[in-house]
Protein chains: 2
Amino acid sequence: MDLLARDLHQPELPVVCRSCEARNGGICSALKPAQLAELSKHSSRRKIEAGNEFIGQGESVSSYSNILNGVVKLSKVMADGRQQIVGLQFAPDFMGRPFQGESRMAAEAATDTEICIFPRRAIERLIADIPELEHQLHNQALKELDEARDWMLTLGRKTAQEKVASFLSLIASHSDPEQQDISSVFELPLSRAEIADFLGLTIETVSRQMTKLRKEGIIQIENNRHVTVPDLDRLAFAAGND
Amino acid sequence: MDLLARDLHQPELPVVCRSCEARNGGICSALKPAQLAELSKHSSRRKIEAGNEFIGQGESVSSYSNILNGVVKLSKVMADGRQQIVGLQFAPDFMGRPFQGESRMAAEAATDTEICIFPRRAIERLIADIPELEHQLHNQALKELDEARDWMLTLGRKTAQEKVASFLSLIASHSDPEQQDISSVFELPLSRAEIADFLGLTIETVSRQMTKLRKEGIIQIENNRHVTVPDLDRLAFAAGND
DNA sequence: CGCGAAAGTTGATGTGGATCAATTCGCCCT
DNA sequence: AGGGCGAATTGATCCACATCAACTTTCGCG
């Protein structure tokens with residue numbers, strides 16, 4: 001990685017993953033400065049353009065990474081091409097899982113994304129030394145498990161309308177501008193096709209339900225991607241969350 | 001727990017959770033004998049009849065437990081009664097999650113079940129002392145996460161036929177009689193209604209698809225619950241796994 | 001600025017699974 | 001064995017979402 005050298009010579013980046021430290025939940029926040037400095041010798045920062053797959057399904061994993069910004073989608077594909085997105089990861093999530101040789105799904109940048117890459121070995125050595133690090137990863141796994149199970153309810157039991165509203169709620173809850181309690185404005189990180197793959201629907205049904213929500217005044221959409229939600233409670237209601 | 005005293009006085013149970021030790025993955029297998037003896041002072045064994053809910057959705061969790069035998073279903077319910085089973089747990093899975101006050105779903109015994117209960121405090125104290133224990137729980141969480149994501153593909157993208165076949169494959173893979181590679185015989189741990197809630201279908205559709213699989217010779221069913229699969233590969237094929 | 005491709009929308013029609021409605025089966029109880 | 005009841009099956013019909021097809025919007029690019 002030639003990016004490594006560059007990062008280390010920028011004075012404004014004294015340690016790699018300063019970004020992680022700044023946010024809660026990043027893997028680096030469990031490390032002491034000395035450990036962080038050690039880790040930073042082996043890590044590098046990388047930009048990935050929207051649409052680029054960086055871990056293929058069934059591929060072996062030789063590195064792990066923190067997401068610094070952007071959205072990453074995790075997906076599974078069946079032999080005949082049917083696809084299901086099984087998770088979305090936002091900064092500062094940690095990706096790749098220690099002590100497991102190969103990925104059981106594909107990871108692809110949904111938006112332009114920056115990640116901080118750690119070689120597999122370095123991470124596994126650190127985990128052996130620092131119990132707090134495993135605790136942190138364990139918590140992230142539990143968080144992802146909760147999200148996956150919530151989504152199972154959505155996939156199995158909700159109507160198309162509720163699914164689309166649930167998706168919009170999910171994205172709204174991850175749009176950083178400090179949790180507007182009532183309203184929210186954000187850019188959709190996914191295309192209609194990707195939303196369909198996340199919700200177990202077709203593009204057309206997603207489009208129709210978005211139009212319906214728009215006509216009911218629950219959302220406004222500009223340029224396909226820019227969404228305004230005037231009343232998050234109404235959206236949550238449409239999503240079936242009481 | 002009056003059961004506690006009883007267990008401690010049975011000479012054939014010198015430490016609680018002997019059963020866990022015997023199987024791989026139980027929480028006790030990470031403990032040294034001394035730690036196990038200590039833990040056993042606070043733990044107790046309990047039988048739960050099929051159909052009994054023992055952790056309600058939104059209830060606070062004051063104990064954790066190992067499943068010794070039987071099948072436990074984890075489910076979520078919407079306000080209007082729609083239900084989704086989000087996971088099945090088999091022995092020797094660990095249930096309840098440390099450091100998290102309340103359960104986000106209900107746990108109910110699907111079959112008659114025996115569990116070994118540990119008070120919340122005892123477990124959390126042990127975890128602080130024994131990194132290996134957290135490693136073990138982390139691994140279980142990752143396993144459950146994989147299962148949840150596999151099931152998301154099933155819920156979102158498979159047909160009713162494939163869903164039912166996927167379910168039967170899942171149960172077959174957990175029926176202990178030493179992994180018959182080609183064929184398998186087992187009792188269904190769930191009723192048709194529960195299978196429907198697991199698959200995001202209705203009772204009638206589950207029944208029709210079972211009939212169809214039966215008529216195609218992929219399975220045989222006796223007395224509603226007793227299933228014979230002469231060729232597991234054919235079943236896997238019907239489940240959409242290539 | 002205007003062309004072209006990709007993405008999204010909208011409409012018409014088809015269909016897999018839901019819903020409604022009888023039976024039939026399996027099991028407990030005496 | 002027989003009666004009663006919940007669970008499961010089977011059939012008829014319906015409808016939410018898929019599919020197929022045409023059209024429109026957005027956006028990159030010379």
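Letters A, B, ... mirror the listed sequences (proteins, then strands); counts begin at 1.
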R192(A) atom CZ is separated from dT25(D) atom C1', nearest whole Å, by 12 Å
From CD of E222(A) across to C1' of dC27(D) the rounded distance in Å is 16 Å
Rounding to 0.5 Å, atoms CD (Q57(A)) and OG (S75(A)) come to a distance of 7.0 Å
Residues D197(A) and K73(A) bridged, charged N to O under 4.0 Å: no
Atom CD of Q209(B) and atom C1' of dT9(D) are separated, to the nearest Å, by 13 Å
L188(A) atom CG is separated from dG8(C) atom P, nearest whole Å, by 9 Å
Quick note, T202(A) side chain, CB onward, closest among dA18(D), dT19(C), dC17(D) is dA18(D)
Check: dG8(C) phosphate, OP1 or OP2: any side-chain N/O from S207(A) under 4.0 angstrom?
Finding: no
T211(B) side-chain N/O to dT10(D) phosphate OP1/OP2 under 4.0 Å:
yes
To the nearest angstrom, the NZ-P distance between K215(B) and dT9(D) comes to 11 Å
Rounded to whole Å, CE of M210(A) lies from P of dC17(D) at a distance of 16 Å
*Parallel, tilted or perpendicular: ring planes of F198(B) versus F167(B), cut at 30 and 60 degrees*: perpendicular
Next item on the list: May I have the step-by-step check of side-chain contact (heavy atoms from CB on, under 4.5 Å) for E144(A) and R149(B), ending in yes or no?
Entry: CA-CA 10 Å; E144(A) 286 179 34; R149(B) 284 174 168 164; 3.0 Å; yes
Salt bridge R225(B)-E187(B), side-chain N to carboxylate O under 4.0 Å: no
Nearest-nucleotide check on DNA chain D, Q161(A) vs R225(B); residue mapping nearer the 5' end is R225(B)
task: Would you please confirm or rule out a distance under 4.0 Å between OP1 or OP2 of dA18(D) and any side-chain N or O of T205(A)?
output: yes
In whole angstroms, the gap separating C1' of dC27(C) from CG of N223(B) amounts to 10 Å
To the nearest angstrom, the NE2-C1' distance between H226(B) and dA8(D) comes to 18 Å
By nearest-nucleotide position on DNA chain C, the 5'-leaning member of E204(B) and A193(A) is A193(A)
Q) Has the side chain of R208(B) got a donor or acceptor atom sitting under 3.5 Å from an opposite partner on the base of dT19(C)? A) yes
